[in-house]
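The structure under discussion appears below in the form of structure tokens.
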Amino acid sequence: MAAEDPQKSGGPSKLVIKNIGLLLSGDLSRPILEADTIVATNGRIAAIGRARDVDVGGATTMIDAHGVALAPGLIDSHVHPVAGDWTPRQSQINWIDSYLHGGVTTMISAGEVHMPGRPRDVVGVKAMAIFAQRAFAAFRPNGVKIHGGAPVIETGMSEEDFRDLGEAGVKYLGEVGLGGVKDGPTARKMVAWARKYGIQSTIHTGGPSIPGSGLIDKDVVLEADTDVVGHINGGHTALPDEQIRCICEGCRRGLELVHNGNERAALYTLRTAKEMGQLDRIILGTDAPAGSGVQPLGILRMISMLSSLGEMPAEIAVCFATGNTARMRNLDCGLIEVGRAADFVFLDKAQHSAGNTLLDSIRLGDLAGVGMTIIDGIVRTQRSRNTPPATKIPEVVSV
Ligand SMILES: [Zn+2]
């Protein structure tokens with residue numbers, strides 16, 4: 001179906017989605033919108049409203065949501081891709097396409113650290129980052145947007161190296177601490193250089209993830225001052241609660257909770273951020289592929305875990321994986337707003353969930369069923385092959 005979309009052949013496109021039962025905005029301050037129709041032209045959201053109030057004429061693709069919920073496509077703030085849709089970590093192929101079936105339409109690399117023979121010398125680090133940035137910008141499995149090319153800092157890097165990387169289009173650093181730089185002062189200096197040249201940063205927080213990585217404690221995290229506190233709930237080994245609290249209170253940076261981390265520490269971080277009135281700092285990732293494997297439903301699982309055990313309204317938990325991440329990571333998707341990328345996931349309660357509604361089912365800890373995904377206004381998948389089956393699914397109707 002996607003192959004027939006006029007946008008793919010270069011023509012103008014107009015996507016109309018009608019009969020949306022629940023519109024989840026991704027915006028913490030207003031997580032549910034009073035609207036049932038979205039129009040997207042040429043891959044961008046053009047109108048949001050009630051059917052009678054928006055211009056639905058001239059659609060090239062029409063979708064009847066049949067009353068199911070629509071949310072921004074989910075964003076995984078922490079993945080470790082290598083090349084193409086393949087990971088050597090658990091010898092898997094098509095893992096990115098499988099994530100799309102879990103509602104993830106955008107991924108941010110926290111470093112291509114599983115690359116066999118990963119270079120550690122400065123010119124090699126730069127070359128690999130630029131290669132990965134280029135390759136993932138050009139190759140999008142089933143449309144999934146992968147922000148790859150995230151160099152892991154090594155000792156000996158100079159300000160000029162960060163300028164070169166920034167000028168070459170590199171936008172994110174891999175996790176500080178996975179390379180040779182593990183001390184606060186050096187990390188702080190390089191993170192500041194990166195920021196100066198438009199490159200965002202994250203850090204490996206907690207104990208070693210696999211043999212060869214090391215401990216990064218609260219002192220190093222706070223001194224390094226990365227834009228995101230990567231997996232503050234450990235990957236997997238978390239810092240003690242008092243250190244997690246120190247980090248939450250000691251900076252205003254993003255607090256990333258990952259699936260491949262300590263779930264109790266994730267809930268502790270969530271409660272702390274809630275007490276502080278700073279839920280806008282919470283973003284979600286899977287931190288996969290990793291020793292724990294690949295989790296196509298990892299972001300949906302985090303949403304249900306944080307909503308049910310963290311006693312968080314489901315529509316708020318969805319914001320952690322959409323609007324919060326988009327704002328913090330400077331992405332043009334993740335929110336249902338005019339002008340944003342038309343990247344959507346359709347959700348409904350899973351068949352036979354004890355919940356009465358989608359939000360109720362998530363609050364009870366069940367996973368949502370994905371009925372369809374759309375990226376850049378193009379239908380990419382229909383009923384998910386991975387989630388429990390959604391009760392109702394949207395349908396492409398003839399125009
Ligand atoms: Zn890590």
Is the shortest side-chain heavy-atom distance between L28 and I316 below 4.5 Å? yes

Polar contact flag, side-chain donor to acceptor under 3.5 angstrom, S109-E112: yes

Side-chain touch M302/L257, heavy atoms, less than 4.5 angstrom: yes

Should L335 and L284 be counted in the same cluster of Ile, Leu, Val, Met, Phe, Trp and Tyr side chains packed under 4.5 Å apart? no

Looking at R340 and D332, does any basic side-chain N land under 4.0 Å from a carboxylate oxygen? no

With a 3.5 Å cut-off and no angle check, do the side chains of H231 and H204 form a donor-acceptor pair? yes

Assess, by modelled atom type and distance only, whether the side chains of N260 and Q295 contain a donor and an acceptor separated by less than 3.5 Å. yes

Quick one: CG on D76 to OG1 on T106, what's the gap to the nearest 0.5 Å? 10.0 Å

Quick one about H78 and E175 (side-chain donor to acceptor, distance below 3.5 Å, no hydrogens or angles considered), yes or no? yes

Charged N to carboxylate O under 4.0 angstrom, D360 versus K349? no

Y197-W193 aromatic ring centre distance below 6.0 Å: no

Any pair counted as salt bridge (Lys or Arg N to Asp or Glu O under 4.0 Å), so long as it reaches residues 275-287, sequence neighbours left out: R245-E275, R252-D280

For R383 versus P389, what's the shortest heavy-atom pair and its separation? NH1-CB, 3.6 Å

Electrostatic pair R50:E34 at N-O distance under 4.0 angstrom: yes

Would you kindly say whether R329 and S77 are connected by a side-chain donor-acceptor distance under 3.5 Å? yes

Once ring pair (Phe, Tyr, Trp, His ring centres under 6.0 Å) is applied, do any residues pair with H114, and if so which ones, sequence neighbours excluded? H80

For the residue pair G156 and D161, what are the closest heavy atoms and their distance? O-OD2, 4.2 Å

Using a strict threshold of under 4.0 Å (side-chain N to carboxylate O), is an ion pair present between D343 and R380? no

Please go through Y172's hydrophobic cluster and name the other residues, only I, L, V, M, F, W, Y counting, with side-chain heavy atoms under 4.5 Å joining them. I75, I108, L331

Residue pair D183 / V220: nearest heavy atoms and the distance that separates them: C-CG1, 4.3 Å

Any side-chain donor paired with an acceptor under 3.5 Å for S384 and N386? no

Taking the side chain as every heavy atom from C-beta outward, state whether R163 and K196 have any atom pair closer than 4.5 Å. no

Hydrophobic cluster identity match, I203 and I153, side-chain contacts under 4.5 Å: yes

Does the side chain of N19 pick up a donor-acceptor pair with the side chain of D64 at under 3.5 Å? yes

Examine distances only and state if a side-chain atom of T373 and a backbone atom of V345 form a donor-acceptor pair shorter than 3.5 Å. no

Does this structure show an ion pair linking E159 with K189, if we count only N-O contacts that are shorter than 4.0 Å? no

Looking only at side-chain N and O atoms, does D366 offer a donor or acceptor that is under 3.5 Å from a partner on S353? yes

Check I232, I244, N233 against Y268 for a side-chain contact (heavy atoms from CB on, under 4.5 Å) and give me the one that passes. I244

Side-chain heavy atoms nearer than 4.5 Å, only ILVMFWY residues, links allowed to pass through others: does that put L359 and L270 together? yes

Taking only Lys NZ, Arg NE, NH1 and NH2, and the carboxylate oxygens of Asp or Glu, determine whether D121 and K126 approach each other closer than 4.0 Å. no

Within a reach of under 6.0 Å around CZ of R385, are more than 12 heavy atoms found that belong to other residues, nucleotides or ligands? yes

Which atom pair, heavy atoms only, marks the closest approach of G334 to A326? CA-CB, 4.0 Å

